[in-house]
Amino acid sequence: MVREHTILFVQTSKNPASRTYTDFDNLDKCCEGICKIFENHLKATNPHQPTITYDISQLFDFIDDLPDLCVLVQTESQRYAPWGKKWIKTQIFSQLKRQAGR
């Protein structure tokens with residue numbers, strides 16, 4: 001499957017009004033966007049800490065705690081395939097592993 005245009009759907013609280021979507025040029029950028037959402041959450045909940053670090057288990061706990069998170073990934077046939085949290089976490093893990101190997 002070619003990892004092309006990706007649409008991220010996220011609900012950050014139990015309030016349905018917190019539902020948003022963002023589109024990305026590719027899956028890697030979407031994974032980075034999810035990490036950025038988590039980093040912004042950490043900054044908001046720890047406003048007096050100048051430096052914030054986290055590990056992948058904390059990121060995955062955050063993803064699991066979101067009321068809703070899914071992506072639509074464009075396939076070679078120009079259709080969109082839906083994927084949920086488990087698949088997203090696998091993709092983020094693979095991307096971070098590749099980045100660590102550079």
Side-chain angles (χ1 to χ4, degrees):
M1 174 170 28
V2 173
R3 304 269 194 271
E4 293 187 10
H5 184 251
T6 303
I7 303 170
L8 169 67
F9 295 91
V10 63
Q11 182 175 338
T12 56
S13 75
K14 292 183 180 184
N15 182 349
S18 72
R19 293 177 184 156
T20 60
Y21 76 93
T22 308
D23 67 316
F24 297 91
D25 292 338
N26 57 52
L27 182 59
D28 285 347
K29 289 182 182 178
C30 180
C31 290
E32 291 170 11
I34 294 168
C35 291
K36 191 71 170 169
I37 290 168
F38 178 57
E39 291 166 3
N40 289 337
H41 167 76
L42 289 176
K43 289 177 187 176
T45 56
N46 301 287
H48 301 294
Q49 286 196 280
T51 305
I52 297 174
T53 59
Y54 63 91
D55 63 38
I56 196 163
S57 67
Q58 292 169 300
L59 171 61
F60 286 177
D61 287 345
F62 173 77
I63 290 171
D64 288 337
D65 289 343
L66 288 171
D68 198 9
L69 178 76
C70 64
V71 295
L72 295 176
V73 181
Q74 189 176 34
T75 65
E76 290 177 358
S77 64
Q78 302 303 308
R79 295 181 182 181
Y80 285 86
W83 298 98
K85 291 179 181 181
K86 184 177 179 180
W87 186 86
I88 293 167
K89 291 189 294 186
T90 301
Q91 300 306 308
I92 290 172
F93 179 80
S94 295
Q95 179 178 345
L96 293 174
K97 190 175 175 181
R98 284 191 312 271
Q99 289 175 349
R102 288 183 191 163

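What you see is a predicted model, and the numbers here were worked out from it, not measured in a lab. For reference, positions follow the sequence shown, starting with 1.
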Over all atoms of both residues, closest heavy-atom pair of His48 and Pro50: O-CD, 3.5 Å
One should read off an interatomic distance between Ile34 CD1 and Leu59 CG, to the nearest 0.5 angstrom, of 8.5 Å
Taking Val73 as the starting point, is it possible to reach Ile63 by hopping between hydrophobic residues whose side chains are less than 4.5 Å apart? yes
Please tell me whether Ile88 and Leu72 are part of a single hydrophobic cluster in this structure, the criterion being side-chain heavy atoms less than 4.5 Å apart. no
What residues form a side-chain hydrogen bond (donor to acceptor under 3.5 Å, both in side chains) with Asp68, not counting sequence neighbours? none
Group every Ile, Leu, Val, Met, Phe, Trp and Tyr by side-chain heavy-atom contacts under 4.5 Å, then state whether Val71 and Tyr21 land in the same group. no
Could you tell me whether a side-chain N or O of Thr51 sits under 3.5 Å from a main-chain N or O of Gln49, the two making a donor and an acceptor? no
Can you pull out every salt bridge (charged side-chain N to carboxylate O under 4.0 Å, His left out) where at least one residue sits in residues 36-53? Sequence neighbours excluded, please. none
Would you say Trp83 and Leu66 are hydrophobically clustered, going by side-chain heavy atoms of ILVMFWY under 4.5 Å? yes
Full working for side-chain contact (heavy atoms from CB on, under 4.5 Å) between His5 and Asp23: CA-CA 7 Å; His5 184 251; Asp23 67 316; 3.1 Å; yes
Under 3.5 Å donor-acceptor, Ser13 side chain and Ser18 backbone: no
Count the heavy atoms of every other residue, nucleotide or ligand shown that sit under 6.0 Å from CZ of Arg79, and state whether that count exceeds 12. no
Run Phe62 and Leu42 through side-chain contact (heavy atoms from CB on, under 4.5 Å) and show every step you take. CA-CA 10 Å; Phe62 173 77; Leu42 289 176; over 6 Å; no
Indicate yes or no: at least one non-hydrogen side-chain atom of Thr20 is less than 4.5 angstrom from one of Leu8. no
Which residues satisfy the side chain to side chain contact (heavy atoms under 4.5 Å, CB included) test with Asp65, sequence neighbours excluded? none
Mind checking side chain to side chain contact (heavy atoms under 4.5 Å, CB included) for Thr45 and listing every partner two or more places apart, or none if nothing turns up? His41
Are Phe24 and Phe9 grouped together when hydrophobic residues (ILVMFWY) are joined by side-chain heavy atoms under 4.5 angstrom apart? no
Please give me the minimum heavy-atom distance between Pro67 and Lys14, naming the atom from each residue. CG-N, 3.9 Å
Sequence neighbours excluded, the answer for side chain to side chain contact (heavy atoms under 4.5 Å, CB included) partners of Gln58 is Phe38, Tyr54, Asp55
Flag, side chain of Thr90 to backbone of Lys86, donor-acceptor distance under 3.5 Å: yes
Value rounded to 0.5 Å, distance of CG in Asn46 from CD1 in Ile52: 5.0 Å
For Gln99, give me all partners under side chain to side chain contact (heavy atoms under 4.5 Å, CB included), at least two apart in sequence or on another chain. Glu32, Gln95, Leu96, Arg102
Tell me, do Lys85 and Phe60 make a side-chain contact under 4.5 Å, heavy atoms counted? no
Atom of Glu4, atom of Thr6 and distance for their closest heavy-atom approach: O-OG1, 2.9 Å
Min side-chain heavy-atom separation Asp64-Lys89 under 4.5 Å: yes
